[in-house]
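Below you'll find the structure, written out as structure tokens, and then a few comments.
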Amino acid sequence: MTNPLNPQETEELKKFFDEIDQDNNGKIDRAELKQLLENIWGNNTEVDISEAVESTFNKCDLNHDGFISFEELASLAE
């Protein structure tokens, strides 16, 4: 995968990725993404967080291993 981001953008995206990756294993799982979305949307009943998590994984988990790697997230910038 190529990374079209400049070094500053890559660094900012990596910081964001690391904040989501709560267990620091180098990948985002569904529980970590769900926690992020719950923090953003709170009790907003108009948003189905589980559906948003699945939609995000369908778009981002390019190798279908059940996780989102930094490389997969960065590739969305292409």
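Position 1 is the first residue of the sequence; numbering continues from there. Predicted model only: the values in this text are computed from it and were never measured. Keep in mind that the numbers below use all heavy atoms, side chains included, and drop hydrogens, waters and symmetry copies.
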Review point. Are Leu33 and Leu73 connected in the hydrophobic side-chain network, where two residues link if heavy atoms are under 4.5 Å apart?
Key: yes

Check your understanding: OG1/Thr56 to CD1/Ile68 distance, rounded to the nearest 0.5 angstrom?
Key -> 6.5 Å

Check your understanding: Do Lys59 and Ser55 touch side chain to side chain, with heavy atoms closer than 4.5 Å?
Key -> yes

Practice item. Identify, with sequence neighbours excluded, every residue that meets side chain to side chain contact (heavy atoms under 4.5 Å, CB included) alongside Glu9. Key: Leu5, Asn6

**Study point:** Partners passing ring pair (Phe, Tyr, Trp, His ring centres under 6.0 Å) against Phe17 (at least two apart in sequence or in another chain)
**Key:** Phe70

Review point. Do you know which two heavy atoms are closest between Gly66 and Asp61, and how far apart they sit?
Key: N-OD2, 2.8 Å

Point to revise | Glu19 bridged to Lys15 by N-O distance under 4.0 Å | key: no

Point to revise | Leu36 side, atom CG; Asp21 side, atom CG - distance, nearest 0.5 Å | key: 12.0 Å

Point to revise | Qualifying residues under side chain to side chain donor-acceptor pair (under 3.5 Å), relative to Asp18, sequence neighbours excluded | key: Lys14

Check your understanding: Between CG of Asp23 and CD1 of Ile28, what distance do you get to the nearest 0.5 Å?
Key -> 10.0 Å

Exercise for review: Report the distance from atom CZ of Phe57 to atom CG of Asp29, rounding to the nearest 0.5 Å.
Suggested key: 6.5 Å

Study note, to complete from the structure: Taking every heavy atom of Ala74 against every heavy atom of Leu13, the minimum-distance pair comes out as CA-CD2, 3.7 Å

Practice item. For residues Leu62 and Ser75, report the shortest heavy-atom separation together with the two atoms involved. Key: CD1-OG, 3.3 Å

Check your understanding: Who are the side chain to side chain contact (heavy atoms under 4.5 Å, CB included) partners of Asn24, not counting sequence neighbours?
Key -> none

Review point. Got a sec, which residues hit side chain to side chain contact (heavy atoms under 4.5 Å, CB included) with Glu12, two or more places apart in sequence or on another chain?
Key: Gln8

Check your understanding: Taking 4.0 angstrom as the limit, do Lys27 and Glu32 come out as a salt bridge?
Key -> no

Point to revise | Nearest-0.5 Å distance that lies between atom CD in Gln35 and atom CD in Glu38 | key: 7.5 Å

Exercise for review: Output yes when a side-chain donor or acceptor of Glu72 lies under 3.5 Å from a complementary backbone atom of Asn63, and no otherwise.
Suggested key: yes

Practice item. With sequence neighbours excluded, tell me which residues meet side chain to side chain contact (heavy atoms under 4.5 Å, CB included) with Ala52. Key: Leu37, Trp41

Review point. Just how far is it from atom CG of Asn58 to atom NE2 of His64, taken to the nearest 0.5 Å?
Key: 8.5 Å

